[in-house]
Each structure stands twice: as structure tokens, then as C-alpha cells.
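Both counts, for ligands and for their atoms, begin at 1 and track the order of listing. The structure presented is a predicted model; accordingly, all values stated were derived computationally and were not measured. The first residue of the sequence shown is numbered 1, and numbering continues consecutively from there.
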Amino acid sequence: MIILGSDHGGFAMKEAIKRHLEEKGYVLHDCGVLDGCEVDYPDIADEVCDRVSQASSDLGILVCGTGIGMSIAANKHAGIRAALVSDTYSARMAREHNDANVLALGGRTLGENLALEIVDAYLGSAYAGGKHQRRVDHLNRYLHKELL
Ligand code: RB5
């Protein structure tokens with residue numbers, strides 16, 4: 001399942017991504033914001049990341065104005081590897097090398113077509129494992145959320 005979330009700065013882009021993925025037949029869960037009203041991005045990141053960390057097969061997509069706040073918030077969660085991406089090569093590498101389970105995007109910094117291509121590149125890639133697992137294992141030893 002793909003778990004979506006945005007604040008008001010990413011709402012329009014999140015809705016475009018949602019339509020795009022629904023057309024492609026993905027099973028989605030939308031954590032909001034559902035109407036574009038002003039919300040705090042850490043609240044939405046928290047809900048998306050809790051769901052993603054509970055189901056290892058799930059991936060999250062978070063959108064705020066720049067993607068920066070969402071990526072910072074997401075990476076505070078144990079087991080979450082969020083990648084703030086603005087090009088398709090990085091989107092592919094985020095899955096293949098970093099096993100990123102959350103994609104963060106800027107709703108105010110990316111055009112819609114590029115954002116949808118980034119989403120497709122991210123979801124269309126797979127973790128390569130091998131030597132990358134040693135590095136991901138190291139990342140998994142960081143338990144930021146417990147420090148809060
Ligand atoms: C909201 O105005 C904006 O600060 C937020 O969407 C995001 O860009 C934060 O990183």
C-alpha cells in the first residue's frame with residue numbers, strides 16, 4: 001500500500017499524485033490533509049510514518065511546500081528512511097541504494113509532470129541489497145524517535 005500525506009503547501013501536488021496512482025491501480029491510503037486547510041507538517045508526517053513503519057511492505061509519499069519539513073520530520077522516526085528528491089535518478093537511487101521507504105517532494109518547487117515522473121521512478125525501482133544492506137543496517141541502528 002502507498003501511504004500519502006501532505007500539508008497545505010503540498011496539498012495540490014498530493015492530490016495530483018493520488019489521481020495518478022489511482023489510475024495506475026495502486027492501493028492508497030490518504031492521511032490528509034484532505035481539504036487544503038493549514039496543518040502542521042510534522043502531524044501528517046507522524047501519521048504516515050507510523051503506518052509505514054508498521055507494515056514493511058508499505059511506502060510513504062509526503063509532500064509539503066519544499067519537502068524539507070516533511071523529510072526532516074519523517075527521518076526522526078525509527079525505521080523510516082525518507083528521501084527528499086527532485087530528479088528521477090535520485091528517485092531510483094533512493095530505492096535501489098538507500099531502501100528509502102518514504103519519498104518526500106516539494107509541492108511548490110516541482111512541476112506536476114516532473115513530480116509524477118519522480119513518483120513513477122521511485123515506485124518502479126527496487127532495493128538492490130547486497131553491499132547496501134550493511135549501510136542500511138547502520139542507519140537502522142539510529143533510533144531518533146526515542147530521543148524525543
Ligand atoms: C508551509 O507554509 C511550509 O512551511 C511547509 O509546507 C514546508 O515547506 C515546510 O518545510
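Look at R108 and you'll find a heavy atom under 4.0 Å from some atom of ligand 1. Put simply, part of H8 is less than 4.0 Å from ligand 1, judged by heavy atoms.
When all heavy atoms of V102 and Y122 are compared, the pair lying nearest together is N-OH, 3.4 Å. Of all heavy-atom pairs between I68 and S71, the closest is O-OG, 2.9 Å. Residue V52 comes nearest to G60 through the heavy atom pair CG2-N, 3.6 Å, listed as atom of the first residue, atom of the second, then distance.
Here N140 contributes atom CG and I80 contributes atom CD1; the two are 10.0 Å apart, rounded to the nearest 0.5 Å.
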- Message: Could you go through N98 and H132, starting from their C-alpha distance and side-chain angles, then the distance that decides it, and tell me whether this counts as side-chain hydrogen bond (donor to acceptor under 3.5 Å, both in side chains)?
- Response: CA-CA 7 Å; N98 308 113; H132 303 292; over 6 Å; no
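Under 4.0 Å is where a charged nitrogen must lie from a carboxylate oxygen, and between R51 and D58 no such pair does.
For ligand 1, one of its N or O atoms has an N or O atom of G65 under 3.5 Å away.
Protein heavy atom in closest approach to atom 5 (C) of ligand 1: D7 OD2, 3.1 Å. The protein heavy-atom contact nearest to atom 9 (C) of ligand 1 is Y41 CE2, 3.6 Å. Counting only heavy atoms of the protein, atom 10 (O) of ligand 1 lies nearest to G69 N, 2.9 Å.
For T66, heavy-atom contacts with ligand 1 shorter than 4.0 Å involve the backbone as well as the side chain.
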